[in-house]
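Quick notes on the structure that follows.
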Amino acid sequence: MSSNSERTASYPFSEEFHSHFAGTGGVDQSDQSTAIDEHTMEELRGLAARYPEPRSALLPMLHLVQSVDGRVSPAGIEACARVLGITPAQVSGVATFYTMYKRRPAGEHHIGICTTSVCAILGGDVLLDRVEHRLGIKEGQTTPDGKFSLERIECNAACDFAPIMMVNWEFMDNMTPRKADEILDALAAGKTVHSSRGATITSWRDSERVLAGFPDGRADEGPTAGEASLSGLEIARQHGWSAPGPQRTAPDTESETQSDSANQSEGRSRDE
Amino acid sequence: MSEAGVSLEMSKGSAPLTPVLSANWGDPRAWKLVNYERRGGYQGLRTALAMSPDEVISLVKDAGLRGRGGAGFPAGLKWSFIPKDNPNPTYLVVNCDESEPGTCKDMPLLMASPHTLVEGAIIASYAVHAKMAFLYVRGEVLHIIRRLQQAVAEAYAAGYLGTDILGSGYDLDIMVHAGAGAYICGEETALLDSLEGRRGQPRLRPPFPAVAGLYASPTVVNNAETISSVPAIVAHGKDWFQAMGTEKSAGFTLYSLSGHVARPGQYEAPLGITLHQLLDISGGMRAGHRLKFFTPGGSSTPMFSAAEIDVPLDYESVAGAGSIPGHQGPAVLRRDHLGGAHRDPLDRVLQARVLRQVHPLPGGHLVAGPDAAQDRGRRGGARRRRQDARRQRPDRRQILLHPGRRRRRMHPRRGEELPGRVRGRLPRRPGMAAAALRAQHGLRPRGLPRRGRGLLR
């Protein structure tokens, strides 16, 4: 491809795990190892059976391949192709299009740092520099011990929490370089880390399994909403503003909500 | 801003902030079915199931609900386009692939109150006779996917999904489908391709999804917020909905403030509120910052300067002022940012290698950013900077498209002849010309995948 040289020039790291940039080629055939077994094949077939047309399951299936192999492996491509009755080339064509599919093993924890407009003006690039420095790798690379991989991501729909960092696709809101350091230190030391709007951090592979459509039962962790999400609601409450006329938030809502926040633990036991 | 003392009067006399979708976000564990029901959740569904599907469509049409995904197309009208005599099954696809820089409204909604979307999806599916609905969520938001997966499971267990829903005889299945990272899949036809397990590349239209969408079947594609607004409309009626907003842009929507503002976040307000009012309500700009530019609806929409701070942020007014309402996400930028730091990150999203598409649209092609060669030049030379300034690129950001280097791939290759004789003057943009010609001659456009029962069977 004529444009290869240019793209490679802007992403000069041979160890990249991305598969989606043309300059880095397709699926990595040099490493044929795999952990896909008959159980995984069964799950892949199960995914295909969930959809009216099996091929719709391809994206979830590739997520599952990543959760097993830590990347889109050649064997994973073969497996998907076999289950769906399409060619491996067709599967790689899809796998190389999407940014979440990795051609080389991502780390145990996959770090994403947003440097798109709002995050950028609020310091996303500084954050990325700092994390690159801290981990000793560049974006698109994995640390030699396989603990972390780092990616520059585009807008992750959390602009009101900018700048953000994603750890295994869980939100880390309102980041600063110091906070990022603390999180990385804790992860490196194997300590428990909570996402600011999500569950406890486990691993990138666990996250990929949920994305494949196998819930891990941890939806109830984390808050209802982040602080910024509630800005408008709080101001409306202070001023007594609400939608007009008959509405679903009946007259006693205000007091109910207040008592709810006061007795959160009680509310929890009632919910169960 | 607050010292400016802007009037907070809304055009229809409603309050400046009208939390409906966000009303329960402050509740503990609002994402659980039991808490949603305690707020009156799923009452809208019961009301809808007592009506005929056509009545539901008329109600949404009369209420004037318009698409919250950017284009502002009337939702009820879109639903009414679904042909009744098509033998293929109808599908509802909800676009939860929010990824436009500056927009962040759907994700907090789905995290805090996923049942609002699930209820809306059931009502919308009922209205268009769909037996299967898909919630396509971008893959990079794990916890939101967890909450949606759980909400759907809870809805099945409570009899809101599955067969014979609430004794109405109506059957529906909903699937939560995670994407895998592609900005362009927010575009509805690209999303459909992605959902079919292909590369997410936009399709040429016509045919529109209402006629041949998912699996070449009639398909309604709506934004998550649009669908989430439906239960409240069904529960409270069109008059209630129209008591908010403006004449042509009825109702409420989530405005997302971000950037150099004192208090970023979600502000649910009647359509037609201005940035001036939003800033006044929320406490203005950050200390030491003065507003210079803002994008009224995500980074692919033309920018507004501080002079346009009083433009009502509804569909007509924003379009009239030369921009696109997009996702109602004003991202507010500090005065010195447009020239340098801001523009590059914006362009990076719109670059071909990120966007990965060439997208012919009826409104024409648009150059969203410089190609790589220009990019290098701009960094290097004053001459290039002057040229760029002359070109006023932000104003040319009409529609999401970055042909970049791939522009040529839409052009007939050297030595290649298109079938038939081409007469007349070619359109100015080679990409459009080639695409139009190929379409005219029944050829698949270059760079776009075959669809339906093509190569793969």
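Heavy atoms only: backbone and side chains are in, while hydrogens, waters and symmetry mates are out. Convention: sequence-line order gives letters A, B, ...; per-chain numbering from 1.
The contact between A:Leu211 and chain B is made by backbone and side chain atoms together, counting heavy-atom distances below 4.5 Å. Only the side chain of B:Met107 comes within less than 4.5 Å of a heavy atom in chain A; its backbone stays farther off. With a 4.5 angstrom heavy-atom cutoff, B:Tyr136 touches chain A only via side-chain atoms. Of the two parts of A:Pro54, neither the backbone nor the side chain holds a non-hydrogen atom closer than 4.5 Å to a non-hydrogen atom of chain B. With a 4.5 angstrom heavy-atom cutoff, B:Leu8 touches chain A only via side-chain atoms. Residue B:Ile281 touches chain A through both its backbone and its side chain, counting heavy-atom pairs closer than 4.5 Å. With a 4.5 Å cut-off on non-hydrogen atoms, A:Ala158 touches chain B through its backbone but not through its side chain. When heavy atoms are compared at a cutoff of 4.5 Å, B:Leu33 does not approach chain A at all. Proximity to chain B is limited to the side chain of A:Phe171, based on heavy atoms less than 4.5 angstrom apart. Interface residue A:Glu234: only side-chain heavy atoms are found under 4.5 Å from chain B.
Interface summary for chain B: among A:Ala236, A:Gly124, A:Gly226, the most heavy-atom pairs under 4.5 angstrom belong to A:Ala236. Between chain A and the residues B:His177, B:Met244, B:Lys12, B:Met132, the most heavy-atom pairs under 4.5 angstrom are made by B:His177. Of the listed residues (A:Leu84, A:Leu230, A:Leu233), the one with the most heavy-atom contacts under 4.5 Å to chain B is A:Leu233. The candidate from B:Ser282, B:Ala180, B:Gly265 with the greatest count of non-hydrogen atom pairs under 4.5 Å with chain A is B:Ala180. Options A:Cys114, A:Ala225, A:Gly232, A:Ala219 differ in how many heavy-atom pairs under 4.5 Å they form with chain B, and the most are formed by A:Ala219. Options B:Gly13, B:Pro16, B:Ser113 differ in how many heavy-atom pairs under 4.5 Å they form with chain A, and the most are formed by B:Pro16. Here A:Pro223 is the residue among A:Gly217, A:Ala57, A:Pro223, A:Gly112 with the most heavy-atom pairs under 4.5 Å with chain B. Options B:Pro89, B:Gly139, B:Pro108 differ in how many heavy-atom pairs under 4.5 Å they form with chain A, and the most are formed by B:Gly139. Heavy-atom pairs under 4.5 Å with chain B were tallied for A:Val94, A:Leu58, A:Thr87; the largest tally goes to A:Val94.
In this structure, a donor-acceptor pair under 3.5 Å is absent between the side chains of A:Ser229 and B:Gln266. Donor-acceptor pairing under 3.5 Å is recorded for the side chains of B:Trp31 and A:Asp220. For the 3.5 Å distance criterion, the side chains of B:Ser194 and A:Tyr98 qualify, holding a donor opposite an acceptor.
For the pair B:Asn24/B:Asn35, no side-chain contact is recorded, criterion being any heavy-atom separation below 4.5 Å from C-beta on.
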>> Show, in sequence, the C-alpha distance, side-chain angles and deciding distance for B:Asp173 and B:Met175, and conclude whether the side chain to side chain contact (heavy atoms under 4.5 Å, CB included) test is met.
In response: CA-CA 7 Å; B:Asp173 286 308; B:Met175 282 203 70; 5.9 Å; no
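A:Thr224 places no side-chain N or O within donor-acceptor distance of the main-chain N or O of B:Trp25, the cut-off being under 3.5 Å. Under the 3.5 Å distance criterion, the side-chain polar atoms of B:His143 are matched with a main-chain donor or acceptor of A:Glu221. Formation of a donor-acceptor pair under 3.5 Å by the A:Asp216 side chain with backbone atoms of A:Arg218 is found in this model.
With a 6.0 Å cutoff to the six-membered ring centre and a 45° limit on the axis angle, A:Arg50 counts as a cation-pi contact of A:Phe214.
Contacts of B:Glu268 classified as salt bridge (charged side-chain N to carboxylate O under 4.0 Å, His left out), with partners at least two apart in sequence or in another chain: none.
The side chain to side chain contact (heavy atoms under 4.5 Å, CB included) with A:Gln66 is formed by just one residue from the set A:Lys102, A:Arg205, A:Met61; it is A:Lys102.
B:Arg138 has no carboxylate O lying under 4.0 Å from a charged side-chain N of B:Glu98, or vice versa, which leaves the two without a salt bridge.
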